[in-house]
Structure formats: structure tokens, C-alpha cells
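All ligand and atom numbering here is 1-based and tracks the order in the structure. Every heavy atom of this structure was used, including side-chain atoms; hydrogens, water molecules and symmetry mates were not.
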Amino acid sequence: MSKISLNAQILWGTLIGVLLGLWFSQLGQDSNITQSGMYVAKLVGTLFIDLLRMVLIPLVFTSIIVGVANLRSHRQMNRVWQGTLAFFALTMALAIVVGLTAANLLQPGGGLQITLFQDAMQGFQATQMSIPDFFAHFLHSLFQNPIAALAQGNVLAVVVFALLFGIALVVGGERYRNILTLMQEALELILMLVGWIMRLAPFGIMALLLQLIATQDTGLLTTLIKFVVIVMGTTLFHGLVILPLILYLTTGMTPLKFWRGAREALITALATSSSAATLPVTLRCAEQHLHVKRDVAGFVIPIGATMNMDGTALYEAIAALFIANLVGIELSFMQQMIVFLTAMLAAMGAPGIPSAGMVTMVVVLQSVGLPVEAVAILIPVDRILDTVRTMVNVEGDMVGSLVVQEWLKRDGADE
Ligand code: ASP
């Protein structure tokens with residue numbers, strides 16, 4: 001057994017990854033050391049993500065079924081549903097308000113000309129997606145043959161099928177006791193696998209961060225520096241002030257206690273830029289470190305990982321105003337309200353994978369008549385912004401599970 005705790009190992013992994021990344025970018029891509037280092041980093045980083053993905057689908061499937069089936073009384077099930085959806089909608093709305101306020105005050109992109117980016121925009125094909133199309137596509141992706149969804153790793157369709165399966169188990173009652181026990185045991189086994197995979201986390205995180213930093217194009221980053229700083233700053237404000245404040249006011253848990261329990265998941269989110277890949281770790285942190293009951297965490301967190309994205313919602317709102325400034329269009333209050341609604345929709349519809357938010361942003365831009373090709377401008381900075389917004393997305397899911405648990409307790413419905 002190692003003497004250093006896993007948390008400490010992960011923090012060391014993060015630090016060493018960042019330092020090695022900086023060193024490799026100093027050495028340049030042609031150096032032998034960089035090339036061999038990057039090769040190893042790619043192997044280890046990919047292995048870590050593959051392992052997380054390996055357990056993701058069985059984990060989502062079993063944890064939702066067990067979560068729903070254990071919320072046995074109907075009254076309680078309604079409460080959890082309502083509480084979860086209300087929390088998601090409220091926090092995403094707050095995130096967008098923060099984003100819009102900052103963008104209106106600080107006007108990112110004000111001094112820049114869209115012509116600067118002509119090259120980037122040429123040759124970029126943004127798929128046209130109107131709001132009705134987007135909605136139809138979203139609805140269609142909810143219901144699929146469960147075997148195909150499981151095999152293709154389609155998280156949203158698996159979530160929906162597992163929800164229905166869990167509800168059927170509740171309605172069917174005692175008769176299906178064996179299936180429920182089977183699911184419970186399968187869930188425990190998969191969580192054991194997650195525990196093993198986490199031993200690799202310090203190395204996986206080191207490798208992923210190293211690659212991210214060593215491959216950053218700093219030239220383009222500086223052109224967009226004001227935009228990057230505003231997005232990072234407001235996302236961090238949401239993650240460091242707003243979410244902890246909501247948590248403290250509802251549950252009395254201090255931010256420090258929360259971060260101590262949540263940090264494995266937060267750092268994994270930062271390194272993988274994927275809420276879905278981080279989900280096994282998020283669930284583990286919520287249950288084992290933050291002591292959220294399995295039923296509540298198993299329900300709130302997988303759904304949150306696909307739908308609740310505060311960081312993404314905030315990003316979509318700021319980016320829309322940024323692009324409007326670049327093309328010299330001033331968005332009216334009404335248009336900003338449309339941005340508000342579509343940013344929420346686009347964040348909910350974005351799957352928890354890297355850069356998904358940038359793709360669904362097309363919906364927001366189109367809704368107010370902004371050029372969708374302008375998404376291309378964001379490509380060079382998206383990787384770096386994705387790290388922080390995914391971290392806040394995942395933080396929102398964990399805070400959500402704690403808040404919903406508290407609401408249930410106050411309601412006297414958790415017994
Ligand atoms: N990468 C984000 C996530 O997985 C989604 C996004 O691109 O905004 O949570």
C-alpha cells in the first residue's frame with residue numbers, strides 16, 4: 001500500500017504534468033525528448049480515458065436503475081425529480097446571467113475586426129441547425145434500442161432507458177426483487193472497478209495535462225486574450241462563489257469541505273474535458289467522500305452529467321455576445337433573452353464530451369442571426385476553455401446531489 005493518499009498523488013500528478021508540459025513546449029515539437037515524452041503521455045492518457053469509458057455505460061445503467069428503484073414511494077420519486085430539474089434550471093440560469101452581465105460590461109471582441117479571422121472561417125463548415133431541428137434531433141436521440149445505445153455508448157439514450165426500467169421495477173414491486181438485487185450487486189462490482197482505475201488517475205491526469213499544455217498555440221491565444229480571460233474569470237466566479245454559496249446556504253457545508261471531497265472529480269474533469277468520462281469518478285466522490293446517499297447520487301449525477309452544464313451555458317452566452325461584437329451587431333435586450341433561452345437549451349443538449357459546447361453553439365448564433373461560421377474563431381481557444389467549463393459542469397452535478405439530498409431531508413421524505 002502506498003503511504004501517500006490518492007488525493008495527494010493526484011495533486012502531484014497535476015503539478016508534474018503542468019511542469020513537464022511547459023518544459024516540452026520550451027523544447028519544441030522537434031526535440032527527441034518531446035517526441036518520446038508525448039508518445040508515452042498519449043499512451044497513458046488514452047489508456048486512462050479508455051478505462052473510464054469502459055465502465056461508463058454499465059455504471060450509468062445500473063446506478064440509475066438502482067437509484068430510481070430505491071426511491072420507492074411515489075411521493076419521494078416526484079420530489080427528487082422536481083428538485084433535480086429545478087436545481088439544474090436555476091443554476092444554469094444563474095450561470096447565463098453571470099455570463100451575459102460580464103459580457104455586457106466588459107464587451108469582449110469590441111476592438112477586434114472580424115476580417116482578422118477570415119482565414120479561420122474559410123473552409124469551416126458549420127452544420128446548420130435551427131431550433132426546431134435541434135429540438136427534433138434531441139427528442140429523437142432520447143429513445144433508442146437499448147442494446148444499440150449500450151453498444152454505441154450513447155449516454156443520453158441509456159439514461160432514458162434506465163429511468164424507464166427503474167420506474168417499471170418500482171411499479172412491479174416485489175415480483176422483480178431478483179432483478180433489482182442483480183442490478184445492485186452489479187453496481188457494487190463496477191464501483192470496485194472504478195476504485196481500481198482510480199489508482200491510475202495520477203498518471204492519467206499527468207499525461208493529459210502535459211499534452212494539453214505542450215500543444216497550446218500561444219500566438220492565437222493572445223489575440224483572443226480578453227475573451228479568454230472573461231470566460232475563465234466568470235466561469236471560475238460561478239464555480240468558486242455562486243455554487244459554493246448555494247451549497248452553503250442550503251446544506252451548511254463549507255466550500256473547503258466540499259472541495260476536499262470533490263477534488264478527485266474536479267481534477268479529472270479538468271484533465272479529460274469530458275463530464276461523461278469523469279462520471280465514474282464524480283459518482284465515487286459524491287458517495288464516498290461527500291456522503292450523498294447512493295439513491296440520490298445515482299439518480300442526480302448521471303442525469304446531471306448529460307444535462308446540467310453551468311460552465312457550458314455561461315460560455316455559450318459570452319461567446320454569442322463576443323461574436324456579435326466582432327461582426328459589429330449590437331444585440332437588443334430581447335435578443336439577449338433569446339440568447340439566454342437558447343444557451344440553456346444548447347447546454348442541455350450538449351453531450352459531456354470535449355468541445356461539445358462549441359458545436360451546439362451554432363443553435364445560439366443562429367437564433368439571433370449571427371454568422372455560424374464564426375464558431376471557427378473559437379476553435380484555437382476552445383481546448384483550454386473546455387477544461388475549466390467541464391470542471392464547473394461537474395462541480396454543479398455534485399453540488400446538485402448534495403442540495404437535492406438536503407431538500408429531501410427537510411421534506412422528511414428520505415426515510
Ligand atoms: N466538455 C464539456 C463537458 O463534457 C461540454 C462542453 O464542451 O461544453 O462537460
Side-chain angles (χ1 to χ4, degrees), residues 45 48-49 52-53 56-57 59-60 88 91-92 95-96 98-99 126-127 129 134 138 141 153-156 158-159 204-205 208-209 211-212 227-228 231-232 234-236 238-239 243 262 265-283 285-286 300-320 322 339 342-365 375-401:
F48 179 56
I49 294 196
L52 288 173
R53 286 229 196 93
L56 173 66
I57 291 293
L59 183 63
V60 169
F88 290 172
T91 48
M92 279 198 277
I96 299 174
V98 170
T127 333
M129 245 193 303
F134 183 75
F138 181 66
S141 63
N154 181 342
V155 183
L156 195 60
V158 173
V159 166
I205 285 167
L208 290 168
L209 287 176
Q211 288 177 72
L212 179 74
F227 171 67
V228 172
V231 174
M232 287 267 189
T234 40
T235 312
L236 286 173
H238 188 77
L243 286 175
L266 296 178
I267 297 178
T268 309
L270 183 94
T272 59
S273 287
S274 166
S275 313
T278 310
L279 206 155
V281 190
T282 319
L283 210 54
C285 283
V300 178
I301 289 187
I303 297 179
T306 49
M307 278 180 63
N308 180 38
M309 300 203 177
D310 295 5
T312 305
L314 189 153
Y315 173 64
E316 310 242 350
I318 299 188
F322 169 68
V339 168
T342 48
M344 180 116 72
L345 195 70
M348 282 165 65
I353 55 174
S355 290
M358 199 185 66
V359 177
T360 58
M361 188 138 62
V362 170
V363 180
V364 184
L365 297 181
V375 168
I377 298 166
L378 306 171
I379 293 176
V381 289
D382 193 65
R383 268 309 276 121
I384 199 86
L385 296 176
D386 203 3
T387 56
V388 181
R389 72 172 186 260
T390 308
M391 190 160 82
V392 171
N393 288 346
V394 167
E395 179 186 1
D397 301 338
M398 282 184 285
V399 171
S401 66

Worksheet item: Which ligand 1 atoms, with their elements, are less than 4.0 angstrom from a heavy-atom of T312?
Response: 5 (C), 6 (C), 8 (O)

Practice prompt. Output all residues satisfying side chain to side chain donor-acceptor pair (under 3.5 Å) with S273, sequence neighbours left out; order by chain, then residue number.
Written response: R383

Discussion item. Measuring only between side-chain heavy atoms, which start at C-beta, is M361 closer than 4.5 Å to L378?
Written reply: yes

Worksheet entry | Which of the ligand 1 atoms, numbered from 1, are nearer than 4.0 Å to a heavy atom of S274 | 4 (O)

Item to complete: Would you mind running through ligand 1 and noting each atom that sits below 4.0 Å from a heavy atom of S273?
Response: 1 (N), 4 (O)

Practice prompt. Under 4.0 Å, heavy atoms only, figure out whether ligand 1 is touched by the backbone of I353, its side chain, both or neither.
Written response: backbone

Worksheet item: For ligand 1, which atoms have a heavy atom of A356 less than 4.0 angstrom away?
Response: 6 (C), 7 (O)

Practice prompt. Could you tell me whether S355 approaches ligand 1 through its side chain, its backbone, both or neither, with non-hydrogen atoms closer than 4.0 Å?
Written response: backbone

Worksheet item: ligand 1 and M358, any nitrogen or oxygen pair closer than 3.5 angstrom?
Response: no

Worksheet entry | Those residues that, when tested against N393, pass side-chain contact (heavy atoms from CB on, under 4.5 Å) (two or more places apart) | S275, M309, T312

Fill in: Protein contact to atom 1 (N) of ligand 1 [nearest heavy atom, distance to 0.1 Å]
D386 OD1, 2.8 Å

Item to complete: State, without any angle test, whether T278 and T272 hold a side-chain donor-acceptor pair at a distance under 3.5 Å.
Response: yes

Worksheet item: Nearest protein heavy atom to atom 7 (O) of ligand 1, by residue and atom, and its distance?
Response: G357 N, 2.7 Å

Fill in: Test item, A350 contacting ligand 1 (heavy atom, 4.0 angstrom)
no

Practice prompt. Tell me which protein heavy atom sits closest to atom 2 (C) of ligand 1, plus the residue, atom name and distance to 0.1 Å.
Written response: T390 OG1, 3.3 Å

Practice prompt. Under 4.0 Å, heavy atoms only, figure out whether ligand 1 is touched by the backbone of R389, its side chain, both or neither.
Written response: side chain

Worksheet item: Is the F322 ring parallel, tilted or perpendicular to the F227 ring (thresholds 30°, 60°)?
Response: parallel

Practice prompt. Compare every heavy atom of G352 with every heavy atom of S274, then report the nearest pair and how far apart it is.
Written response: OG-O, 2.6 Å

Worksheet item: Does an N or O anywhere in M309 fall below 3.5 Å from an N or O of ligand 1?
Response: no

Worksheet item: Which pair of heavy atoms, one from V364 and one from A346, lies closest together, and at what distance?
Response: CG2-CB, 3.9 Å

Worksheet item: Could an N or O of ligand 1 be found under 3.5 Å from any N or O of A276, whether backbone or side chain?
Response: no

Worksheet entry | Passing option when Y315 is tested against D386, D382, T235 for side chain to side chain donor-acceptor pair (under 3.5 Å) | D382

Worksheet item: Hey, does I205 have a side-chain heavy atom less than 4.5 Å from the side chain of T268?
Response: yes

Worksheet item: Under a 4.5 Å cut-off applied to non-hydrogen side-chain atoms, are M344 and I96 in contact?
Response: yes

Worksheet, complete the sentence: ligand 1 to S275, heavy atom cutoff 4.0 Å, flagged ligand atoms 3 (C), 4 (O), 9 (O)

